[in-house]
Structures are given as structure tokens and as C-alpha cells.
Amino acid sequence: MSTSAPSHNQLDTKAEAWSALFSEPMSDLVKRYTSSVFFDKRMWQADIQGSLAHAEMLAAQKIIGADDFAAIQKGMAQITSEIEAGTFEWKLDLEDVHLNIEARLTALVGDAGKRLHTGRSRNDQVATDVRLWLRSEIDLIEGLLKELQLSLVEVAAKNVDVILPGFTHLQVAQPVSFGHHMLAYVEMFKRDAERMLDVRKRVNVLPLGSAALAGTTYPLDRERVAKSLGMEGVSQNSLDGVSDRDFAIEFTAAASLCMVHVSRLSEELIIWMSQNFGFIKIADRFTTGSSIMPQKKNPDVPELARGKTGRVVGHLMGLITLMKGQPLAYNKDNQEDKEPLFDTVDTLKDTLRIFAEMIGGQINPATGAKEGGITVNAENMRAAALKGYATATDLADYLVKKGLPFRDAHETVAHAVKLATMKGVDLTELPLAELQAFNPNIEADVFEALSLEGSLNARNTLGGTAPAQVRAQLAKHQARLA
Ligand code: ARG
């Protein structure tokens with residue numbers, strides 16, 4: 001148990017990690033092809049965290065000495081500061097983050113470093129690292145999803161009484177509250193956050209101790225390692241523990257759904273800010289101009305988010321196909337899980353961050369208030385809601401309340417809409433006498449029912465667009481997100 005640097009048998013290249021069995025070195029092309037260090041080095045913290053927990057347990061179980069553990073701790077502290085300072089030398093020859101850190105540890109502390117890998121394989125090591133890394137990313141994503149929901153809730157709170165046309169088939173359907181519309185997205189992102197938390201439970205399971213594939217001959221205390229890493233359990237089958245990446249697939253599926261929600265919102269923002277709608281403006285810093293058309297302000301951020309959704313869904317396809325057909329247990333195929341997973345995390349985090357700010361604005365340190373979110377043009381929304389006979393259903397409902405069966409009422413209103421269309425007016429602009437010609441039970445109170453406010457207020461059922469309902473939902477979300 002020496003803590004001084006060894007004079008020989010230090011890992012400098014991968015071939016030396018495998019032993020004397022190999023009679024020829026790898027070609028440069030094969031090295032480049034098989035190495036992952038230039039992307040998996042971002043898991044270095046998880047790698048060190050996992051190694052320290054493993055070493056602590058090895059010492060507690062008297063598999064290595066207490067002085068070995070102390071040396072490993074010291075070496076890992078040194079490596080941490082080297083990586084943080086940017087002086088750590090990552091070597092392609094050492095293939096991946098695991099071998100790079102282990103080789104440096106051995107260079108720093110000698111035999112203790114060589115003892116670290118007792119009862120462990122890179123197969124259970126990498127499975128553990130990916131899980132630890134992903135767990136902390138999920139926690140960041142939870143925070144970002146909350147920020148985005150808060151932004152949407154804030155916009156909703158300011159716009160409960162702002163009315164826009166609700167669409168089905170992108171045809172004017174019925175008037176809705178803009179606050180209600182925003183809260184629809186809050187519901188989506190709330191479910192996304194729940195899905196992430198659910199995925200986290202299955203991510204947060206320890207494979208370490210599975211060793212290469214069959215378990216190990218050393219008396220490991222896996223529960224101890226899980227506990228010290230804050231994991232919720234240990235994998236129950238060594239073959240499964242080292243090989244399945246279903247947790248990464250599940251995460252990417254949850255991320256894909258979240259991006260799909262972002263993409264739907266993006267599509268609406270893009271439509272709403274087109275000149276033909278003019279419902280909203282987004283701050284200039286989220287738009288770009290055109291190099292040829294001086295009048296242009298293009299919604300690049302929402303468009304890119306819509307495009308990046310394809311990228312994340314592509315990663316889901318990549319990962320799920322990667323897993324398909326792999327026999328037990330670990331196969332090198334799994335090294336290909338990292339880039340799609342990393343890119344999914346990066347894309348999702350950036351997207352959520354930028355959307356929270358684009359929608360809700362950012363805090364002005366001078367005033368403490370948020371500024372620079374979307375600007376709502378309530379007049380244009382209202383004008384659009386007044387077009388397209390958005391309250392035709394309300395006339396039908398009015399007639400039903402006067403005793404007409406719904407199907408007959410629907411037909412009657414179709415005739416009224418036809419007449420109004422011919423005259424080029426809204427239903428509310430037809431004189432009472434003309435409306436009464438369709439049904440004698442129609443009275444002067446019909447105009448209130450046909451107004452935008454009347455239409456909204458009438459939809460006062462749970463989950464409906466009546467401002468009273470929207471306010472109740474808002475209060476629930478505000479309490480939940482506080
Ligand atoms: N870099 C590898 C990966 O990402 C680590 C595990 C390698 N294990 C092995 N037996 N070659 O999966």
C-alpha cells in the first residue's frame with residue numbers, strides 16, 4: 001500500500017490496461033473510433049463520486065485498507081482540482097473517462113489507485129455514472145420546468161379577461177380566455193415534470209456491484225454504496241444492471257414529449273405573431289431580421305425550438321434502436337447511448353430556459369419585476385374572436401334552454417349563420433325580428449348570450465373557460481408552484 005507514485009506499470013495507454021495479451025497496438029483510426037473520452041468526460045464528477053463511494057465501502061468491508069481509501073480520496077481531490085482548473089490531460093489513448101481518471105489516480109497515489117477497481121468493472125461503473133449524471137440533470141430540468149410554468153401562469157394571470165378565438169381545425173370555433181389558453185400549456189408542462197420525477201425513480205438505482213456481468217467474489221455491501229450515493233435501491237440482477245439502458249430511453253421519451261409540447265406552443269407563437277393575426281409580440285432579442293427584406297422580424301427562437309423537437313425525437317429513435325437486439329449482458333453498443341442522451345439534455349435545458357424568459361420576461365434587478373415577456377394585443381384578439389361566428393354554439397344552447405332539442409337548435413342556427421353570412425354581418429347584428437323569424441322563442445336577452453363575455457361566462461364548468469373557472473385554476477397552480 002504505497003502512496004507514492006509508482007515507477008512502472010502505470011496506465012498510459014489503453015493497451016496497457018488490458019494486459020500483455022495483445023500482440024499489436026490499435027491503429028489510430030480504431031483508437032479514434034472506439035474512444036469516448038471526448039464526450040464522456042463530462043461525466044467526470046459522477047465517475048469520481050461513484051469511485052469514492054465504492055472505495056469507502058471497500059475499506060469498510062476491509063477489502064482494501066483504510067490507508068488505501070485515504071490515498072484514493074486524496075488523489076481524487078487532486079484530480080478534481082486539475083479537471084476544474086483545466087489542467088487535467090485527457091488522453092484519447094485511455095479510451096474513456098473511467099480509464100483516464102483511474103490512470104491519473106494511480107499515477108498520483110500508486111498501488112491504492114490500482115486497488116480501486118477491486119470488485120468493479122467498467123460495465124457497472126459506466127451504468128452507475130450515467131445514472132448519477134442523469135439524476136442531477138433531471139433535477140435541473142425539474143427546476144426549469146417550474147420556471148416555465150411560472151412564466152405561463154404569470155401571463156395567464158394578467159390575461160384572464162382577454163378573449164381570443166379558440167380554434168379547432170384552425171377554424172374559429174368558440175371564444176376562450178387567453179389566460180385559459182396559457183394554462184393549457186401549464187397542464188402539459190406539469191405532466192412533463194411529473195413524468196420526469198417518475199423516470200427519476202428508475203434512474204436512481206445502483207448497478208455498481210454487478211461487476212462485469214455476473215456479480216463479484218468480494219463481500220461488497222451494495223446497499224451501503226447506494227445509501228451513500230443517495231440512490232433509492234440497488235439493481236437486483238447483475239446481467240440486467242450492467243446492460244439495460246431503458247432508463248435513458250424512458251428519459252428521452254419524456255424529454256421528447258416535453259419538446260412536443262414546446263413545439264405546439266412554438267407553432268402558436270409563430271402564428272400569433274404573424275401580421276395576419278397580430279395577437280402577440282415577442283421581444284426583439286428572440287427574433288432576427290432578414291438580410292434582404294428590411295421589414296422582417298422573424299420568430300427564430302420558436303421556429304428553432306420546433307425544429308429541435310425533431311432532433312430530440314430522433315435521439316429517442318436512436319436510443320431505442322440501439323437497445324433493440326442486444327443480447328445480455330454489456331455490449332459496446334451501449335457506448336453510443338451518451339451523445340444522444342447528452343444532446344437531449346442540452347437541447348431540452350436550453351429550450352426550457354429560453355422559453356421561460358421569452359414568455360415571462362426576466363427580472364429587472366432595479367425594480368425586482370419581470371420585464372420583456374410576450375406582449376399581448378387584446379384588441380386584435382377580440383376583433384378576431386368577433387369574426388367567424390364564434391358564438392353560434394351559444395345561440396344553439398340558448399334555444400335548447402327554450403325547450404328545443406339540441407339537434408333542431410343546431411340546424412336552426414345554421415340557417416341564421418347562413419343569413420348573417422349573406423348579409424355580411426355578425427349574428428349579433430341581425431335585428432331581433434329577423435332572429436325571431438328562425439324561432440319565436442328568441443327574446444332580447446339573446447344578445448347577451450351571443451356576446452363574447454356571455455359566451456365565456458356561460459362555460460362555468462370545471463376546466464371550462466369562464467373567467468371564474470380560470471381564476472380558480474390559476475389559484476391552484478400558483479399555490480402548487482409557490
Ligand atoms: N466507455 C464504455 C461505455 O461507455 C465503458 C464501458 C466499457 N466496457 C467494456 N467492457 N468495454 O460503455
Side-chain angles (χ1 to χ4, degrees), residues 11-19 21-22 25-27 29-51 53-54 79 83 88 90-106 114 116-135 137 203 205-216 235 237-249 251-252 315 318-346:
L11 298 181
D12 276 329
T13 68
K14 193 162 61 157
E16 288 162 45
W18 311 155
S19 81
L21 196 64
F22 291 76
M26 268 185 178
S27 74
L29 176 60
V30 174
K31 269 187 207 162
R32 193 158 54 71
Y33 194 74
T34 56
S35 92
S36 54
V37 64
F38 290 110
F39 51 83
D40 67 17
K41 67 180 178 190
R42 70 185 281 176
M43 301 193 305
W44 68 269
Q45 271 167 316
D47 194 68
I48 290 177
Q49 196 189 0
S51 287
H54 179 67
I79 291 172
I83 297 174
F88 188 92
W90 297 101
K91 294 182 185 154
L92 181 83
D93 270 348
L94 285 168
E95 189 175 302
D96 57 24
V97 60
H98 324 293
L99 289 179
N100 267 271
I101 290 179
E102 193 189 328
R104 180 67 186 140
L105 181 71
T106 302
K114 292 194 222 164
L116 170 62
H117 214 50
T118 312
R120 183 176 84 167
S121 151
R122 272 190 304 154
N123 298 350
D124 56 346
Q125 187 179 355
V126 68
T128 303
D129 289 6
V130 178
R131 286 168 181 272
L132 286 173
W133 179 84
L134 186 55
R135 181 183 71 183
E137 294 296 330
V203 168
V205 173
L206 181 78
L208 207 62
S210 305
L213 76 165
T216 177
S235 62
N237 181 297
S238 58
L239 296 162
D240 175 49
V242 292
S243 65
D244 209 333
R245 297 291 183 268
D246 56 358
F247 66 92
I249 297 171
F251 166 79
T252 311
H315 292 326
L319 283 176
I320 203 162
T321 311
L322 172 70
M323 204 67 242
K324 176 192 171 296
Q326 276 195 53
L328 288 174
Y330 176 85
N331 301 284
K332 186 79 166 187
D333 311 40
N334 282 339
Q335 182 165 291
E336 284 290 304
D337 65 354
K338 301 195 184 45
E339 285 163 295
L341 187 61
F342 295 166
D343 189 67
T344 297
V345 165
D346 292 343

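Remember, it's 1-based here, ligands and their atoms both numbered in the order they're listed.
Near Asp96, the atoms of ligand 1 lying under 4.0 angstrom from a non-hydrogen atom of the residue are 1 (N), 2 (C), 5 (C). Less than 4.0 angstrom separates some heavy atom of Ser36 from each of these atoms of ligand 1: 1 (N). Taking every non-hydrogen atom of Gln335 and a distance limit under 4.0 Å, the qualifying atoms of ligand 1 come out as 1 (N), 2 (C), 3 (C), 4 (O), 12 (O).
Of the N or O atoms in His98, none lie within a sub-3.5 Å distance of an N or O in ligand 1. Note: an N/O pair closer than 3.5 Å links Tyr330 and ligand 1 by distance alone. Not one N or O of Asn334 is nearer than 3.5 Å to an N or O of ligand 1, by distance alone. Residue contacts with ligand 1: Lys332 is placed with no nitrogen or oxygen under 3.5 Å of a nitrogen or oxygen of the ligand (distance criterion only). Looking at ligand 1, you won't find any N or O of Glu95 less than 3.5 Å from one of its N or O atoms.
Pro25 is not listed as a side-chain neighbour of Lys31, based on a closest heavy-atom distance of 4.5 Å or more.
At a heavy-atom cutoff of 4.0 Å, ligand 1 is contacted by the side chain of Lys338 but not by its backbone.
Arg135 meets the salt bridge (Lys or Arg N to Asp or Glu O under 4.0 Å) test with no other residue; sequence neighbours excluded. The salt bridge (Lys or Arg N to Asp or Glu O under 4.0 Å) check on Arg32 picks up nothing, with sequence neighbours excluded.
The side-chain contact (heavy atoms from CB on, under 4.5 Å) test with His117 singles out one residue from His54, His98, Gln125, and that residue is Gln125.
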Is there a side-chain contact (heavy atoms from CB on, under 4.5 Å) between Asp129 and Gln49 once you walk through the steps?
-> CA-CA 9 Å; Asp129 289 6; Gln49 196 189 0; over 6 Å; no

From CA spacing to verdict: side-chain contact (heavy atoms from CB on, under 4.5 Å), Leu94, Val37 | CA-CA 8 Å; Leu94 285 168; Val37 64; over 6 Å; no

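Using a 4.0 Å cut-off between charged side-chain N and carboxylate O, Arg245 and Asp337 make a salt bridge.
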